[in-house]
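Structure, as structure tokens:
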Amino acid sequence: MLKVAPILTICVCFLAGSLQAAKLAFDPIRPTGEKSFAFKDASGKSVSVPMADASAQRKIVGPIAKVDPRLNPAMARAATIAQDRAHAHSKSRCWHYVKEALLAAGAVNSYPKTALAKQAGDELVNNYGFKKLSMRDPYAAPVGAVLVYGGKGAGHVEIRNKTGFASDFRTLTPSKRKLIGVFAKA
């Protein structure tokens with residue numbers, strides 16, 4: 001116990017000193033106008049960094065989606081189911097997860113047969129009574145809308161929910177692939 005106490009005292013003192021240094025290191029000196037921000041770094045040197053103006057800021061999250069009362073309520077249920085079942089990262093099974101959500105919500109009466117995600121729109125329109133909506137902005141899609149993307153390989157499909165998009169994974173931003181169409185059921 002006698003050998004532990006001095007080591008513990010040294011560790012506590014070092015930690016307290018580090019916290020004090022960290023506090024001093026990141027305390028702002030003063031804002032120097034709207035174009036830059038000055039502060040002292042860990043070594044005590046004054047540093048000035050530019051501030052981003054409103055035009056340089058990226059749109060991180062799109063607008064919150066609205067529930068369209070003209071759409072079948074099963075579409076909103078499918079969005080909730082897809083969001084609940086989605087993982088944090090892709091499992092490369094987007095169309096499978098969207099099919100399961102649509103079936104569980106009652107938006108379709110049988111399991112869709114197509115294998116590729118980019119074929120989803122045609123099948124939903126031809127076999128399940130969905131309509132292609134005239135919008136081209138994924139953020140404008142109503143809650144429950146199915147967004148189908150093309151490109152190389154199988155493509156991608158996702159369902160719009162209130163705060164983002166869900167398939168086998170959930171995300172706040174839509175796919176970067178080419179949007180084939182936005183589909184919903186009235």
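Note that this is a predicted model, so its numbers are computed, not measured.
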Residues 107-116, side-chain donor-acceptor partners within the protein, below 3.5 Å, at least two apart:
from, atom 1, to, atom 2, distance (Å)
S110, OG, Y128, OH, 3.0
Y111, OH, H96, ND1, 2.9
T114, OG1, W95, NE1, 3.0
T114, OG1, E123, OE1, 2.6

CE (M75) and NZ (K185) are apart, to the nearest 0.5 Å, by 8.5 Å
Test your reading of the model: is there a side-chain donor-acceptor pair from K162 to the backbone of A79, 3.5 Å cut-off? no
Applying side-chain hydrogen bond (donor to acceptor under 3.5 Å, both in side chains), name anything that partners Q119, two or more places apart in sequence or on another chain. none
Mind checking side-chain hydrogen bond (donor to acceptor under 3.5 Å, both in side chains) for D68 and listing every partner two or more places apart, or none if nothing turns up? R70
Heavy-atom nearest pair, V182 first then A141, reads CG1-CB, 3.9 Å
Taking every non-hydrogen atom, the tightest pair across A117 and C94: CB-SG, 3.9 Å
Can you name the residues that form a salt bridge (charged side-chain N to carboxylate O under 4.0 Å, His left out) with D168, not counting sequence neighbours? none
Restricting to ring-ring contact (aromatic ring centres under 6.0 Å, His included), what partner residues turn up for F183, sequence neighbours left out? none
So the ring pair (Phe, Tyr, Trp, His ring centres under 6.0 Å) pairs with at least one residue in residues 63-91 (sequence neighbours excluded) are H87-Y97
Applying ring-ring contact (aromatic ring centres under 6.0 Å, His included) to F130 and not counting sequence neighbours gives none
Sequence neighbours excluded and cut-off under 3.5 Å, please list the side-chain donor-acceptor pairs for residues 143-159, or say none.
from, atom 1, to, atom 2, distance (Å)
Y149, OH, E158, OE2, 2.7
H156, NE2, E158, OE1, 3.1
E158, OE2, S175, N, 3.3

In short, salt bridge (charged side-chain N to carboxylate O under 4.0 Å, His left out) pairs touching residues 80-100 with sequence neighbours left out are none
Hits for salt bridge (charged side-chain N to carboxylate O under 4.0 Å, His left out) against R136, two or more places apart or cross-chain, chain-then-number order -> none
Scanning both residues in full, the closest heavy-atom pair of A166 with A86 reads CB-CB, 4.4 Å
For A78 and A101, which heavy atoms make the closest approach, and how far apart are they? O-CB, 3.7 Å
Do V98 and L103 sit in one hydrophobic cluster, given that two such residues count as connected whenever their side-chain heavy atoms are within less than 4.5 Å of each other, even indirectly? yes
For residues L133 and P142, determine if any side-chain heavy atom of one lies less than 4.5 Å from a side-chain heavy atom of the other. yes
